[in-house]
Amino acid sequence: MARCSVWIYIVSIVVLGAAYAQEAVAPVATGPVEVLKTLRAEHPRLMLTTAQLDSLKASAASDPVLADYVAQVIVQADTVLEEAPLEHKLVGPRLLSVSRDCLQRIYTLGVAYRWTGDARYADAIKSNMITVCAFPDWNPSHFLDTAEMSHAVAIGYDWLYDVLTPETRESIRQALIELGLKPGMAVYEGGGKWTVSDFNWNQVCNGGMLIGALAIAETDPQYAEYIVPRAVASLPKALASYAPDGAWMEGPGYWHYATRYTAFALCAMDSALGTDFDLSKMEGLSVTGQFPNYTTGPTGLLLNYADSGERSARKPMACMFWLARKYSNPAISDAEH
């Protein structure tokens, strides 16, 4: 697998949630008082808690497939150690490639560090976070860039919380607020396009803001109190696109991007707050894991509608494991294996 496939594969296989009932219900409305009353106090709180990690390590002792996934991630983490520092370089109007590179680095290094305890990986995460937190901005004019960078920095902050110095923690926290959360709040306030979108921008941008706000919710609750209710109100606009049968109008490629961030967003709320406010019960989500299987031919080529090219070979889709767990459907994970 390519590096970008491996990091998300291993993280998502194990950490993204538990099964829920499948009936479709409307999302639960929530206000500031309710948002943080169940907040997990300790770090890490986002997706891969310490208890989940311990369970994962125990499973790997008797699961050679899982052990192989972990070994692949550690090999990739060693490669990341040699990579040049990230730079604030736009490609056209986008910083997105840099944000995604940062996200890949932090997840890969984060799994390797938490699995092995090797300080080299933690040091590399800190170095990458310090670099991007010194950027002048995370390019909010193309908000996917800001959302994915916020996601990256939040995961690094949360997973390394106990090994960061107070000074480094404060510097990263302030950058996350100023470069990520405040620009996002301005979009919510102005009713920006992605807050009312039916498609992938909605899940990616709301997901990045949720993850960022929950990472610092115990020290800066005002951001989660503002962002979580608005994201919970915004996400159904896109999640409704899975109804009635799980198909996705943007095609298989964007299905993966949108559904991956759906998994990240809902899992982050589950692990940090103990609830996803019933968003996972929206119609179509429980069966959407079959969509990639029905739109992939026996040679691996995709049904080329919307923005999906026919020869965009089927890539690993780790969110399939989250869907299999969430909706107690092993057929989805069996197909992905």
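Side chains included, hydrogens not; waters and symmetry mates left out as well; all remaining heavy atoms used. Nothing fancy with the numbering, it's 1 onward along the sequence.
A heavy-atom distance below 4.5 Å is found between the side chains of Val228 and Leu214. Side-chain contact between Leu303 and Tyr294 is absent, with no heavy atoms from C-beta onward closer than 4.5 Å. Within the 4.5 Å cutoff, the side chain of Ser280 has heavy atoms near those of the Tyr327 side chain. Two residues are said to be in side-chain contact when any heavy atoms from C-beta on lie closer than 4.5 Å; Asn200 and Glu250 meet this criterion. At least one side-chain heavy atom of Glu218 sits under 4.5 Å from a side-chain heavy atom of His43. Looking at heavy atoms from C-beta onward, Asp276 lies out of side-chain contact with Lys281 at the 4.5 angstrom threshold. Between Met149 and Leu103 the shortest side-chain heavy-atom distance does not fall below 4.5 Å. Between Glu225 and Leu36, some side-chain heavy-atom pair lies under the 4.5 Å cut-off.
Taking CD of Glu336 as the start and CE of Met317 as the end, the distance is 7.5 Å to the nearest 0.5 Å. Separating the OH atom in Tyr113 from the NZ atom in Lys126 is a distance of 8.0 Å, to the nearest 0.5 Å. Taking CZ from Phe135 and CG from Leu86, the interatomic distance works out to 5.5 Å, rounded to the nearest 0.5 Å. Separating the CD atom in Glu83 from the CD atom in Gln104 is a distance of 9.0 Å, to the nearest 0.5 Å. Between atom OH of residue Tyr161 and atom CZ of residue Arg169 there is a gap of 4.0 Å, rounded to the nearest 0.5 Å. Expressed to the nearest 0.5 Å, how far NZ of Lys57 lies from CZ of Arg114 amounts to 9.0 Å.
If you check the side chains of Thr262 and Thr259, you find no donor sitting under 3.5 Å from an acceptor. Residues Ser55 and Gln52 have side chains that never bring a donor and an acceptor to within less than 3.5 angstrom of each other. With no hydrogens or angles considered, a side-chain donor-acceptor pair links Gln174 and Glu170 at under 3.5 Å. For Asn304 and Ser308, the side-chain atoms include no donor-acceptor pair closer than 3.5 Å.
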If you look only at distance, which donor and acceptor atoms sit under 3.5 Å apart when one is on a side chain in residues 188-195 and the other is two or more places apart or in another chain?
| unit_1 | atom_1 | unit_2 | atom_2 | d |
| --- | --- | --- | --- | --- |
| Tyr188 | OH | Asn206 | OD1 | 2.6 |
| Glu189 | OE1 | Tyr226 | OH | 2.8 |
| Thr195 | OG1 | Gly192 | O | 2.5 |

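Annotation: Phe321 is not in aromatic contact with Tyr69 [ring centroid separation under 6.0 Å not met]. The aromatic ring centres of Trp201 and Phe143 sit 6.0 Å or more apart. Centroid-to-centroid, the aromatic rings of His151 and Tyr107 come within less than 6.0 Å.
At a threshold of 4.5 Å between side-chain heavy atoms, the hydrophobic network of Ile, Leu, Val, Met, Phe, Trp and Tyr places Leu39 and Trp159 in one connected group. Hydrophobic clustering, with ILVMFWY side chains joined whenever heavy atoms are under 4.5 angstrom apart, keeps Leu144 apart from Val196. There is a path of hydrophobic side-chain contacts, each under 4.5 Å, that joins Val132 to Leu90. In the hydrophobic clustering of ILVMFWY residues, with side-chain heavy atoms under 4.5 Å counting as a link, Met249 and Met282 come out together. Residues Met185 and Val187 fall within the same hydrophobic cluster, defined by Ile, Leu, Val, Met, Phe, Trp and Tyr side chains chained together at heavy-atom separations under 4.5 Å.
Across all their heavy atoms, Pro236 and Leu279 have their closest contact at CG-CD2, 3.7 Å. Across all non-hydrogen atoms, the minimal contact from Leu46 to Ala272 is CD2-CB, 4.5 Å. Here the shortest heavy-atom pairing between Leu302 and Pro252 reads CD1-CB, 4.1 Å. Shortest non-hydrogen contact noted between Leu95 and Glu87 is CD1-O, 4.5 Å. Minimum heavy-atom separation, Leu66 to Ser59: CD2-CB, 3.9 Å. Between Met320 and Ile332, the closest heavy-atom pair is O-CG2, 3.3 Å.
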Checking Val91 against Val98 for the side chain to side chain contact (heavy atoms under 4.5 Å, CB included) test, could you report, in this order, the C-alpha distance in whole Å, the side-chain angles of both residues, the deciding distance, and whether it holds?
CA-CA 9 Å; Val91 178; Val98 180; over 6 Å; no
Does the pair Met269 and Phe264 meet the rule for a side chain to side chain contact (heavy atoms under 4.5 Å, CB included), with working shown?
CA-CA 9 Å; Met269 288 191 286; Phe264 281 138; over 6 Å; no
Under the criterion side chain to side chain donor-acceptor pair (under 3.5 Å), I'd like the reasoning laid out for Ser171 against Thr168: C-alpha separation, chi angles, the key distance, then a yes or no.
CA-CA 5 Å; Ser171 175; Thr168 300; over 6 Å; no
Starting from the C-alpha separation in whole Å, work towards a yes-or-no answer on side chain to side chain contact (heavy atoms under 4.5 Å, CB included) for Asn128 and Leu109.
CA-CA 10 Å; Asn128 278 283; Leu109 293 164; 4.1 Å; yes
Can you check side chain to side chain contact (heavy atoms under 4.5 Å, CB included) on Ser150 and Trp138, steps first, answer last?
CA-CA 8 Å; Ser150 298; Trp138 292 342; 3.7 Å; yes
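Between the side chain of Asn202 and the backbone N or O of Asp198 there is no donor-acceptor pair closer than 3.5 Å. A donor-acceptor pair under 3.5 Å links the side-chain atoms of Thr38 to the main chain of Leu273, judged by distance alone. Under a 3.5 Å cut-off, the side chain of Ser271 and the backbone N or O of Ala268 do form a donor-acceptor pair.
Tested against Thr288, the residues Tyr242, Trp255, Trp248 include a single side-chain hydrogen bond (donor to acceptor under 3.5 Å, both in side chains) partner, Trp255. Tested against His142, the residues Asp145, Asn139, Thr146 include a single side-chain hydrogen bond (donor to acceptor under 3.5 Å, both in side chains) partner, Asp145.
A search for side-chain hydrogen bond (donor to acceptor under 3.5 Å, both in side chains) contacts involving Asp78 returns Tyr121, not counting sequence neighbours. Shown here are the side-chain hydrogen bond (donor to acceptor under 3.5 Å, both in side chains) partners of Gln290, two or more places apart in sequence or in another chain: Asn293.
The pair Arg120-Asp123 does not meet the salt-bridge criterion, since no charged nitrogen lies less than 4.0 angstrom from a carboxylate oxygen. Under the 4.0 Å criterion applied to side-chain N and carboxylate O atoms, Lys326 and Asp270 are assigned as salt-bridge partners.
Taking the six-membered ring where tryptophan is involved, the planes of Tyr254 and Tyr257 are tilted, since the angle between them lies from 30° to 60°.
The number of heavy-atom neighbours closer than 6.0 Å to OH of Tyr305, taken from other residues, nucleotides and ligands shown, is above 12.
For the pair Arg45 and Tyr157, the cation-pi test (distance below 6.0 Å, angle within 45°) is failed.
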